[in-house]
Q: 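Below you will find the structure I want to go over with you.
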Amino acid sequence: MTKVHPKFPNTCEESFSDSKAAVVLTVWKKSLLFNCDGFTVYNSNGDLVFRVDNYMNSPKDNIVLMDASGLPLLSIRRKKLSLGDCWMVFDGETERDPIFTARKNVNIMTNRRSLVWVSMKKTVLYEIEGSYGQRSCKILDERRNKKKAAEIKRKEAMVGGVAFGKDVFKLIVESEMEPRVAMAFTIILDQMFRSY
């Protein structure tokens, strides 16, 4: 059986260097804990860098992205009483002053490729295009003339070119974007498009 990751955990801080190279993460839509729904994220060395653990019975309106040791990095909360599917992202476990807001594109007549718009105080920061169901999305930086900031791609096994399926995929994060922010976008996409 092909392994999702080559080895097991280390720490998050030493996983990301200050180099200009893109960070390639392996995202596994599976929690480390039994009877939980979530994500387990590894770097290219096989070190655990992020995790999301939601108990099956708990509401899915509040999700916490944690580092490898379980410290909260970002809180992702569904915005109540909003038109359309809208999520807010906060630093740590705070509930004040969201870092950004992500809104599902409901007007597919004007832009069929756009899935989500990410904004801060009514200024669009990112546009996410593609198909999350096919694990083929690009996160485009609106402030940099739609330059690709991150990408979600299907992952193939190293032996024999066998595909893993939709539960294991790659998240490629360019140096201009924080990996934790790209992972927050991935969690939001999963919440918005999980039935597709």
Q: Are the aromatic rings of Phe100 and Phe90 close, with centres under 6.0 Å apart?
A: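 They do not qualify: ring centres at least 6.0 Å apart.
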Q: Under 3.5 Å, is there a donor on one side chain and an acceptor on the other for Tyr42 and Asp47?
A: no
Q: Does Val23 reach the side chain of Ile172, with side-chain heavy atoms less than 4.5 Å apart?
A: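 Sidechains of Ile172 and Val23: no contact.
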Q: Evaluate salt bridge (Lys or Arg N to Asp or Glu O under 4.0 Å) for Lys138 paired with Glu127, printing each intermediate quantity in order.
A: CA-CA 8 Å; Lys138 291 182 182 176; Glu127 177 185 0; over 6 Å; no
Q: So does Ala182 get a backbone contact from the side chain of Thr186, meaning a donor-acceptor N/O pair under 3.5 Å?
A: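 Judged by distance alone, yes, a pair lies under 3.5 Å.
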Q: Given the rule in the salt bridge (Lys or Arg N to Asp or Glu O under 4.0 Å) test, do Lys30 and Asp53 qualify, once you have shown the distances and angles that lead to the verdict?
A: CA-CA 9 Å; Lys30 182 171 177 57; Asp53 302 313; over 6 Å; no
Q: Do Tyr126 and Phe185 have ring centroids that are under 6.0 Å from one another?
A: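 Yes, ring centres under 6.0 Å apart.
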Q: Would you mind reporting whether Lys146 and Arg144 have side-chain heavy atoms less than 4.5 Å apart?
A: no
Q: Could you point out which residue of Lys79, Arg78, Gln191, Arg103 forms a side chain to side chain donor-acceptor pair (under 3.5 Å) with Asp85?
A: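 Single pass found, and it is Arg78.
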Q: Does atom NZ of Lys153 have more than 12 heavy-atom neighbours from other groups under 6.0 Å away?
A: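 For Lys153, atom NZ is not crowded (no more than 12 foreign heavy atoms under 6.0 Å).
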Q: Under 3.5 Å, is there a donor-acceptor pair linking the side chains of Lys155 and Thr26?
A: yes
Q: Does atom CD (Glu95) have a neighbourhood of more than 12 heavy atoms from anything else shown, all under 6.0 Å?
A: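 Incorrect, the count does not exceed 12.
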Q: Passes side chain to side chain contact (heavy atoms under 4.5 Å, CB included), Phe193 versus Val116? Steps please.
A: CA-CA 11 Å; Phe193 301 100; Val116 177; 4.0 Å; yes
Q: I want to check something: taking the side chain as every heavy atom from C-beta on, are Pro72 and Leu65 in contact at a cut-off of under 4.5 Å?
A: no
